[in-house]
Amino acid sequence: MTDHTETRDAGTHEFVSTTCLHLGRPCPAAQRMLAALAKALDSARGLTKDDFEISGESRLDGCEKACPARFAANHARIRVFCDVQATTKTETLDRFADAMLSADGGSAHGTSSADMPRAFGEARPARPPVQAPSIRHPQGAQRPRLMS
């Protein structure tokens with residue numbers, strides 16, 4: 001499950017989805033659930049506080065295996081974990097996801113294979129594009145010349 005794809009919705013969130021161990025590709029049902037949660041949180045932003053969080057469990061409708069899913073969503077991050085054991089702690093799933101998404105490709109040390117999700121996805125608020133700063137020169141000032 002080391003492969004993952006990154007996408008972006010209509011501008012509100014950036015998404016990352018791992019390859020499902022059952023399907024061999026990102027799970028469309030999990031991606032739809034992520035998108036629905038992202039839309040709901042974006043709509044609720046003005047009505048909720050920054051520390052608002054919702055979590056729960058569901059079955060992924062449209063999933064070929066009808067996998068159980070666990071989700072945790074707040075304004076900073078949304079995660080959906082697919083085909084997880086009922087006894088697996090959310091903290092264990094978060095450590096696993098953090099390791100999978102870390103820049104150095106860290107390991108999920110201490111996570112048993114029974115506790116690992118078969119796939120997961122994450123959505124984070126989209127960062128605004130970086131714009132180059134504009135340089136203004138005072139009127140009458142000479143612009144620096146490039147030496148050749």
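Remember, predicted model here, so these are calculated numbers, not experimental data.
At least one side-chain heavy atom of Pro26 sits less than 4.5 Å from a side-chain heavy atom of Gln31. A heavy-atom distance below 4.5 Å is not found between the side chains of Leu21 and Met116. The closest side-chain heavy-atom distance from Phe71 to Ile54 is below 4.5 Å. Using a 4.5 Å heavy-atom threshold, the side chains of Leu93 and Phe120 count as separate.
The distance from atom OG1 of Thr90 to atom CZ of Arg70, rounded to the nearest 0.5 Å, is 4.5 Å. Atom OG1 of Thr18 and atom CZ of Arg118 lie 11.0 Å apart (nearest 0.5 Å). Remark: Leu47 CG to Phe52 CZ distance equals 10.0 Å, nearest 0.5 Å. Summarising the geometry, atom CG belonging to Asn74 is positioned 7.5 Å from atom CG belonging to Leu41; distances are rounded to the nearest 0.5 Å. Note that the CD1 atom of Ile78 and the CE atom of Met33 stand 11.0 Å from one another [nearest 0.5 Å].
Closest approach of Pro125 and Ala76 over heavy atoms only: CD-O, 3.3 Å. Closest approach of Ala66 to Arg59, counting heavy atoms only: O-NH1, 2.7 Å. Of all the heavy atoms in Ala123 and His13, the pair that sits closest is CB-CD2, 4.2 Å.
Without hydrogens or angle criteria, Ser17 side chain to Gly121 main chain gives no donor-acceptor distance under 3.5 Å.
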Cut-off 3.5 Å, no hydrogens considered: what does the side-chain donor-acceptor table look like for residues 79-89, sequence neighbours left out?
residue: Arg79; atom: NE; partner: Glu122; partner atom: OE1; Å: 2.6
residue: Arg79; atom: NH1; partner: Asp94; partner atom: O; Å: 3.4
residue: Arg79; atom: NH1; partner: Asp94; partner atom: OD1; Å: 3.0
residue: Arg79; atom: NH1; partner: Asp98; partner atom: OD1; Å: 3.2
residue: Arg79; atom: NH2; partner: Asp98; partner atom: OD1; Å: 2.6
residue: Arg79; atom: NH2; partner: Glu122; partner atom: OE1; Å: 2.9
residue: Asp83; atom: OD2; partner: His22; partner atom: NE2; Å: 2.7
residue: Thr88; atom: OG1; partner: Asp115; partner atom: OD1; Å: 2.9

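Hydrophobic clustering of Ile, Leu, Val, Met, Phe, Trp and Tyr side chains at less than 4.5 Å, counting indirect connections, keeps Leu23 apart from Leu60.
Ionic pairing of Arg124 and Glu14 is not present here: no N-O contact between side-chain nitrogen and carboxylate oxygen is shorter than 4.0 angstrom.
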### Message
Under the criterion side-chain contact (heavy atoms from CB on, under 4.5 Å), I'd like the reasoning laid out for Thr48 against His75: C-alpha separation, chi angles, the key distance, then a yes or no.
### Response
CA-CA 9 Å; Thr48 57; His75 290 300; 2.7 Å; yes

### Message
Show, in sequence, the C-alpha distance, side-chain angles and deciding distance for Thr92 and Arg95, and conclude whether the side-chain contact (heavy atoms from CB on, under 4.5 Å) test is met.
### Response
CA-CA 5 Å; Thr92 302; Arg95 273 196 314 277; 3.6 Å; yes

